[in-house]
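Notes to accompany the following structure.
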Amino acid sequence: MIEGRARRIARRSPDAEPDLQALRLQVQRVEALVQDLLDYTGGAPRGRVDRFPARVLAETALQTLRQEAGDGAPRLTLAAGTGSDALLRADERRLELALLNILRNARQAAAGVVTLAVHGDGDGIVFEVRDDGPGLTAAPEVLLQPFWSSKPSGEGSGLGLAISAAIVEEHGGSLSLRNGDKGAIVTLRMPCDGGLAGGEL
């Protein structure tokens, strides 16, 4: 509704376009914050719970991130190890959101490359996101607090990591953060559902 009114005003008063563009940006920020709050509280519509290979989830998340990224963005790589075809039973949309939030943070922090590794680990699946940036800016328990952000005011809601942790825990998994030799490492551990893609269920 606001966007429609803005377009009508712009047609009648072309000089108002800069102010209207600023208004549109503010509306987009409010919409993004509302969506973040819905995702954090679980109030967003849930997708169907299905079985899908862990590797496919990783590939889909990276493809989405590549589509979002502009020229000069860090290189995004996938390292699919043994067991990456194991099946997950989850709300695929929400689990992809959890992975995307982490990948977006890594992309913003990275100097040149972000790596998403996925592999089996016993009866579970491990997703590991690494960047080559400056590393964690605060203790992990602080970074996972809702509304805490190291970004400048107006950039981000401070809910990304908290949303990811909540989604992963909904599915019986865990999320941890640590510094590597260079940059930060975020690890998601998820229970697998047994079986492999294309195999016996």
Side-chain angles (χ1 to χ4, degrees), residues 25-50 52 54 56-69 73-74 76 78 88-110 114-118 124-131 133-179 183-193:
L25 290 174
Q26 292 300 321
V27 170
Q28 290 170 5
R29 287 174 180 161
V30 170
E31 289 174 343
L33 177 58
V34 170
Q35 186 60 55
D36 281 348
L37 288 168
L38 287 171
D39 288 328
Y40 180 66
T41 61
R46 300 293 182 90
R48 58 177 288 184
V49 175
D50 207 350
F52 51 91
V56 170
L57 177 68
E59 290 171 345
T60 301
L62 282 177
Q63 181 180 6
T64 299
L65 198 66
R66 289 188 181 105
Q67 291 170 346
E68 294 177 357
L76 306 173
L78 173 64
L88 296 168
R89 182 185 293 276
D91 181 332
E92 189 171 3
R93 186 198 68 82
R94 283 180 66 74
L95 206 55
E96 182 183 348
L97 172 63
L99 197 52
L100 272 172
N101 283 342
I102 294 165
L103 285 167
R104 286 170 180 143
N105 282 349
R107 183 189 66 192
Q108 291 170 355
V114 173
T115 300
L116 171 57
V118 54
I125 293 289
V126 175
F127 297 90
E128 190 172 82
V129 178
R130 292 174 174 260
D131 66 63
L136 302 180
T137 57
E141 59 270 21
V142 173
L143 292 169
L144 290 170
Q145 290 178 359
F147 302 109
W148 194 93
S149 178
S150 61
K151 298 173 185 176
S153 178
E155 294 184 18
S157 62
L159 282 171
L161 282 175
I163 289 170
S164 294
I167 292 172
V168 170
E169 289 169 6
E170 283 175 14
H171 292 86
S174 64
L175 184 152
S176 62
L177 301 83
R178 71 184 191 279
N179 278 318
I185 303 171
V186 182
T187 303
L188 281 69
R189 296 181 181 275
M190 296 292 301
C192 63
D193 195 45

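For the numbers below, each heavy atom of this structure counts, side chains included, while hydrogens, waters and symmetry mates do not.
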Fill in: Test side-chain contact (heavy atoms from CB on, under 4.5 Å) applied to Leu116 and Leu99, step by step
CA-CA 10 Å; Leu116 171 57; Leu99 197 52; 4.2 Å; yes
Worksheet item: Quick one: are Leu65 and Glu68 in side-chain contact, heavy atoms under 4.5 Å?
Response: yes
Worksheet item: What are the two closest non-hydrogen atoms of Ala184 and Leu136, and how far apart are they?
Response: CB-CD2, 3.6 Å
Practice prompt. Locate the shortest heavy-atom distance separating Ile102 from Ser164; write the atom from each residue and the value.
Written response: CG1-OG, 3.8 Å
Discussion item. Show the nearest heavy-atom pair for residues Pro140 and Leu177, with the distance to one decimal.
Written reply: CG-O, 3.6 Å
Worksheet item: Can you tell me how far the CZ atom of Arg93 sits from the CG atom of Leu100, to the nearest 0.5 Å?
Response: 11.0 Å
Worksheet entry | Residue pair Ala162 / Leu144: nearest heavy atoms and the distance that separates them | CB-O, 3.6 Å
Worksheet item: Yes or no on side-chain contact (heavy atoms from CB on, under 4.5 Å) for Leu57 and Phe127, after CA distance, side-chain angles and deciding distance?
Response: CA-CA 10 Å; Leu57 177 68; Phe127 297 90; 3.9 Å; yes
Worksheet entry | Closest non-hydrogen atom pair, His171 against Arg89 | CD2-O, 4.3 Å
Worksheet item: Can you find a pair of side-chain heavy atoms, one from Thr64 and one from Glu96, that are under 4.5 Å apart?
Response: yes
Response to the item:
Note: Val118 and Ala54 closest approach over all heavy atoms is CG2-CB, 4.0 Å
Worksheet item: How far does CD of Glu59 sit from CG of Leu62, to the nearest 0.5 angstrom?
Response: 8.5 Å
Worksheet item: Under 3.5 Å, is there a donor-acceptor pair between the side chain of Arg189 and the main chain of Gly124?
Response: no
Worksheet item: When rounded to the nearest 0.5 angstrom, what distance separates CG in Leu188 from OG in Ser174?
Response: 7.5 Å
Discussion item. Strictly distance-based, threshold 3.5 Å: is any side-chain N or O of Asp131 a donor or acceptor partner for the main-chain N or O of Gly183?
Written reply: no
Worksheet entry | From Arg107 atom CZ to Arg66 atom CZ, the distance as rounded to the nearest 0.5 Å | 12.0 Å
Worksheet, complete the sentence: So CG of Leu95 and CZ of Phe52: to nearest 0.5 Å the spacing works out to 5.0 Å
